[in-house]
Engineer: 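My questions will all concern the structure given below.
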Amino acid sequence: MKLSKSFVPTLKETPNEAVVTSHILMLRAGMIRMLSAGIYSFLPLGYRVIRKISEIIREEMNAIGGQEFHFPGLNPKEIWEQTGRVEAFGDTLFHVKNREYVLAPTHEEIVASTAKNHIQSYKDLPQIWYQIQTKYRNETRPRSGVIRGRQFLMKDAYTLDATTEGLDKGYMLHDQAYRNIFDKCGIDYFVVGASSGAMGGAGSEEFMIKSDAGEDTVAHCTKCGYAANLEVAISKIDSKLRDDKSEEVKEISTPNVKSIDELCEFLKIDETQCAKSRVYIADEKPVLVLMLGNDEVNEVKLQKEFGGNVRPAHPEELIEITGAEAGSIGPVKYQGRIIADNRLKDANNLYSGANKNDFHLGGIDLKRDVKGIEYFDLRFVSSGERCPNCNNKLDVFTAIELGHIFKLGTKYSEALGATFLDEDGNEKPIIMGSYGIGVERVMACYIEQHNDENGIIWNKTLTPFQVHLMGLNMKNEDVANTSDSIYEKLISENIEVLYDDRIDAQAGYKFKEADLLGMPIQVIVGNKKLNENKVELKLRATGERMDVDIDELISKVQELLK
RNA sequence: CGGGGCGUAGCGUAGUCCGGUUAUCGCGCCUGCUUUGGGAGCAGGAGGUCGCAAGUUCGAAUCUUGCCGCCCCGACCA
């Protein structure tokens with residue numbers, strides 16, 4: 001492709017609307033343009049990457065027996081009502097105004113209804129159906145460029161099975177296929193076991209990458225691969241040890257001391273000598289929650305212990321329940337249920353609130369002074385704590401979800417009557433699995449992981465073009481002729497070339513742009529080296545340069561692309 | 001949907017608080033000449049409903065009100 005005739009609108013400066021690296025670089029490299037919030041056009045260069053990713057996905061999906069479909073994006077609303085998902089998706093589902101249609105946010109319903117009509121016997125199973133198509137979701141807040149959009153390209157696969165063993169097998173096939181896909185793309189990912197959320201079903205894994213642009217916070221161990229959403233993550237961490245001797249409870253005047261930090265400063269003590277109190281309302285009843293030092297209450301874990309609704313108590317409720325305001329609440333003489341984090345188990349010589357404004361108590365012994373206290377894991381893990389599996393240091397960071405696989409079960413097949421007859425002639429619902437990959441996210445995540453201050457660094461798998469050929473001074477006949485003939489030769493060898501043949505662009509301009517666009521191999525044709533019958537070859541990833549005889553260029557390039 | 005920020009030429013911006021000639025500058029774009037190994041130089045030029053609408057005023061990019069759009073935080077999110 002000749003740049004002189006191509007639409008590759010690069011930008012020298014960062015557009016105002018872009019904040020995250022991948023978004024900035026995709027805009028600057030002329031790969032995407034926004035049409036509206038969360039809605040992007042892919043320009044020729046960007047679309048080439050999308051096609052390469054799609055092709056890798058196809059190869060791996062076909063390899064596990066997947067069959068590619070093309071499903072409608074426009075769906076009758078009725079079918080979504082049958083599974084209760086018009087309500088479940090709520091405002092996220094796009095509704096068509098002048099007909100009873102919705103825009104498909106995913107395709108479980110269409111798969112199940114297709115199966116209903118045509119899968120009749122266990123002999124027809126298993127099946128793996130997939131699609132690579134645009135999905136529509138009315139996200140309340142699109143963000144980070146292409147990472148959360150209102151319309152996005154998604155590979156969705158569905159397994160149809162007669163038995164749970166079959167489902168397990170299909171799930172494992174996808175697990176491996178996903179690892180192959182992300183490996184081929186050159187993405188550094190990790191896998192998190194997760195709950196399947198609104199989709200229903202049991203058993204799921206998320207494929208994620210570490211990124212500041214991420215929307216989930218996870219704890220990850222690079223050594224053993226332990227990974228969990230922060231809301232459920234656990235770690236090995238020291239408890240407050242019980243001192244040999246319990247001191248007497250003593251009341252201390254602590255005017256205007258509210259936080260644990262202020263208390264430590266005021267009393268010259270360590271935060272691990274403090275028990276922080278939080279009051280929650282669980283199913284209408286107050287519960288005092290104690291945490292060691294500055295540990296934060298993990299409300300998801302709290303919710304898990306109580307099952308029902310849990311919320312922090314309002315300020316007025318605090319006074320009513322404890323007689324004190326936040327900052328002066330504590331367990332001693334507290335009337336009601338008290339639960340504490342495991343780190344506080346049987347601890348003594350603690351400082352905590354006195355349930356009297358501007359007073360704290362010291363010398364608290366939870367065994368002696370607080371009756372009926374229950375202990376649970378209630379805290380958030382933080383970076384540097386020990387992995388529960390291998391004792392290595394855990395890292396806590398935000399992450400982007402690239403892919404998600406899960407066992408759906410029979411929710412959709414039952415709702416839509418997608419059944420089959422088993423070997424004994426019994427009618428049973430088809431057992432389904434669902435497996436998604438955000439195609440644009442693969443592209444964005446790759447860029448998040450592979451860039452430097454000059455631009456994108458493509459690998460040879462995803463790159464829009466394998467070679468970026470530059471004729472430096474195209475007014476020089478020698479340079480122009482040599483560049484042209486190299487271009488023709490590369491093309492005849494089926495090598496993808498982006499050819500900067502622009503006559504009026506400066507050498508420096510071409511270099512900068514080549515680094516921004518990031519093709520793995522740059523071939524530079526300039527008078528200097530041409531006099532020795534050589535051209536220069538530069539590797540984008542390392543910056544390594546080498547002079548190559550023109551006669552040997554093709555074979556050298558082919559060698560590098562292997 | 002709540003909180004915050006922003007909206008001036010294709011991109012990045014000054015001016016807005018405190019209203020007053022022809023709306024600033026850089027990049028990009030067009031023409032010519034020069035230049036050609038790290039986003040060129042000189043000269044000339046084009047390009048604007050100052051997000052939209054209403055209002056206040058002799059006069060509005062600037063003040064008021066409403067609306068729209070974009071970004072960030074939160075809520076939400078296979």
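Residue numbers start from 1 in every chain, and the chains themselves are labelled A, B, ... in the order their sequence lines are given, proteins ahead of strands.
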Engineer: If we take the P atom in both B:G28 and B:C67, what is their distance in whole Å?
Structural biologist: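 To the nearest whole Å, 41 Å.
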Engineer: For A:Y189 and A:F207, take the angle between the two ring planes, folded into 0 to 90°, and tell me which bin it lands in: parallel under 30, tilted 30 to 60, perpendicular over 60.
Structural biologist: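 Correct class here is tilted.
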Engineer: Under a 3.5 Å cutoff, is there a donor and acceptor pairing between the side chains of A:E108 and A:T83?
Structural biologist: no
Engineer: Determine the sole option in A:D175, A:D161, A:D168 for which the salt bridge (charged side-chain N to carboxylate O under 4.0 Å, His left out) test with A:K407 is passed.
Structural biologist: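 Considering A:D175, A:D161, A:D168, a salt bridge (charged side-chain N to carboxylate O under 4.0 Å, His left out) with A:K407 is found only for A:D168.
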Engineer: Give A:K475 one of three labels, base, sugar-phosphate or nothing, depending on what nucleic acid heavy atoms sit under 4.0 Å from its own.
Structural biologist: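 Base, at least one base heavy atom under 4.0 Å.
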Engineer: Consider the side chain of A:E17, meaning its heavy atoms from C-beta on, and name the nucleotide among B:C70, B:U36, B:G37 that approaches it most closely.
Structural biologist: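 Shortest atom-to-atom distance from the side chain points to B:C70.
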Engineer: Taking atom C1' in both B:C63 and B:C58, compute the distance separating them and give it to the nearest angstrom.
Structural biologist: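 My reading of the C1' atoms in B:C63 and B:C58 gives 16 Å.
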Engineer: Roughly how many Å apart are B:A60 and B:C50, using the C1' atom of each and rounding to a whole number?
Structural biologist: 11 Å
Engineer: Searching all strands shown, indicate the nucleotide that pairs with B:G44 (Watson-Crick or G-U wobble; both distances under 3.5 Å).
Structural biologist: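 Across all strands, the one nucleotide that pairs with B:G44 is B:C30.
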Engineer: If you go through the side-chain atoms of A:Q506, does one of them form a donor-acceptor pair with the base of B:G37 closer than 3.5 Å?
Structural biologist: no
Engineer: Considering only atom P, compute the distance from B:G26 to B:A9 and round it to an integer number of Å.
Structural biologist: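 Here B:G26 and B:A9 have their P atoms 16 Å from each other.
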Engineer: Check every strand shown and say whether A:K510 touches a base, only sugar-phosphate, or nothing at a heavy-atom separation below 4.0 Å.
Structural biologist: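 No contact.
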Engineer: Among side-chain atoms of A:N294 and A:D261, is any donor-acceptor pair under 3.5 angstrom?
Structural biologist: yes
Engineer: Is A:Y158 touching bases, backbone alone, or none of the nucleic acid, heavy atoms closer than 4.0 Å?
Structural biologist: nothing
Engineer: Parallel, tilted or perpendicular: which one describes the rings of A:H450 and A:Y446, with boundaries at 30° and 60°?
Structural biologist: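 Rings of A:H450 and A:Y446: parallel, under 30°.
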Engineer: Nearest to the side chain of A:R141 - B:C70, B:C1, B:G26?
Structural biologist: B:C1
Engineer: Taking the nucleotide of RNA chain B with the closest heavy atom to each, which residue, A:L35 or A:D216, is nearer the 5' end?
Structural biologist: A:L35
Engineer: For A:W458 together with A:F465, are the ring centres under 6.0 Å from each other?
Structural biologist: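 A:F465 vs A:W458: aromatic centres not under 6.0 Å.
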Engineer: Measuring to OP1 and OP2 of B:C77, would you say a side-chain N or O of A:T140 lies under 4.0 angstrom away?
Structural biologist: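 Checking B:C77 against A:T140, no side-chain N or O comes under 4.0 Å of OP1 or OP2.
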Engineer: Looking only at the side chain of A:A37 (C-beta and beyond, no hydrogens), which of the listed nucleotides B:C11, B:U36, B:C70 gets closest?
Structural biologist: B:C70
Engineer: Using a heavy-atom cut-off of 4.0 Å across all strands, would you classify A:M34 as base, sugar-phosphate, or nothing?
Structural biologist: sugar-phosphate
Engineer: Please determine, for the side chain of A:R148, which listed nucleotide (B:C70, B:G37, B:C77) has the closest atom?
Structural biologist: B:C77
Engineer: Whom does B:U13 pair with, Watson-Crick or G-U wobble, provided both distances fall under 3.5 Å?
Structural biologist: none
Engineer: Which value, in whole Å, describes the distance between the C1' atoms of nucleotides B:G10 and B:G48?
Structural biologist: 12 Å
Engineer: Provide, to the nearest angstrom, the distance between the NZ atom belonging to A:K512 and the P atom belonging to B:G28.
Structural biologist: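 After rounding, the gap between these two atoms is 14 Å.
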Engineer: Say you pick atom C1' in B:A75 and the same atom in B:G20; how far apart are they, in whole Å?
Structural biologist: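 Looking at atom C1' only, B:A75 and B:G20 are 47 Å apart.
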Engineer: Please tell me if A:N454 has a side-chain N or O lying less than 4.0 Å from either OP1 or OP2 of B:G39.
Structural biologist: no
Engineer: Of the nucleotides B:G37, B:G38, B:C77, which has the atom closest to the A:L472 side chain?
Structural biologist: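 It is B:G37.
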Engineer: At under 4.0 Å between heavy atoms, what does A:G526 touch on the DNA or RNA strands: base, sugar-phosphate, or nothing?
Structural biologist: base
Engineer: NA contact type, A:R28, heavy-atom cut-off 4.0 Å: base, sugar-phosphate, or nothing?
Structural biologist: base
Engineer: Between B:G38, B:U13, B:C70, which one does the side chain of A:N16 approach most closely?
Structural biologist: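 The listed nucleotide nearest to A:N16's side chain is B:U13.
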Engineer: Give none if B:U21 has no partner; otherwise give the nucleotide forming a Watson-Crick or G-U wobble pair with it, both distances under 3.5 Å.
Structural biologist: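 In the structure as shown, B:U21 has no Watson-Crick or wobble partner.
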Engineer: Can you work out whether A:D156 or A:P15 has the more 5'-proximal nearest nucleotide on RNA chain B?
Structural biologist: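 With A:D156 and A:P15 compared, the 5'-side residue is A:P15.
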Engineer: Taking donor-acceptor contacts at under 3.5 Å, does the side chain of A:D515 reach the base of B:G38?
Structural biologist: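 Yes, a donor-acceptor pair under 3.5 Å.
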Engineer: Consider the side chain of A:V19, meaning its heavy atoms from C-beta on, and name the nucleotide among B:C72, B:G39, B:C11 that approaches it most closely.
Structural biologist: B:C72
Engineer: Is there a Watson-Crick or G-U wobble partner for B:A61 with both distances under 3.5 Å, and if so, which one is it?
Structural biologist: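 Base-paired to nothing in any strand shown.
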Engineer: Base, sugar-phosphate, or nothing: which does A:T14 touch, judged by heavy atoms less than 4.0 Å apart?
Structural biologist: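 Sugar-phosphate only.
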Engineer: Between B:C70, B:C27, B:C72, spot the one nearest the side chain of A:K12, thanks.
Structural biologist: B:C27
Engineer: Determine whether any donor atom in the side chain of A:K528 lies under 3.5 Å from an acceptor atom in the base of B:U36, or the reverse, and answer yes or no.
Structural biologist: no
Engineer: Work out how far the C1' atom of B:C25 is from that of B:U13, and round it to whole angstrom.
Structural biologist: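 That atom pair is separated by 7 Å.
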Engineer: Any donor and acceptor pair, going by atom type alone, linking the side chain of A:Q151 with main-chain N or O of A:I39 inside 3.5 Å?
Structural biologist: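 Not confirmed, A:Q151 side chain does not pair with A:I39 backbone.
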Engineer: For the pair A:K155 and A:E60, evaluate salt bridge (charged side-chain N to carboxylate O under 4.0 Å, His left out) and give the outcome as yes or no after the intermediate values.
Structural biologist: CA-CA 12 Å; A:K155 188 286 302 180; A:E60 294 298 325; over 6 Å; no
Engineer: The side chain of A:F511 lies closest to which of these nucleotides: B:U35, B:G37, B:C71?
Structural biologist: B:G37
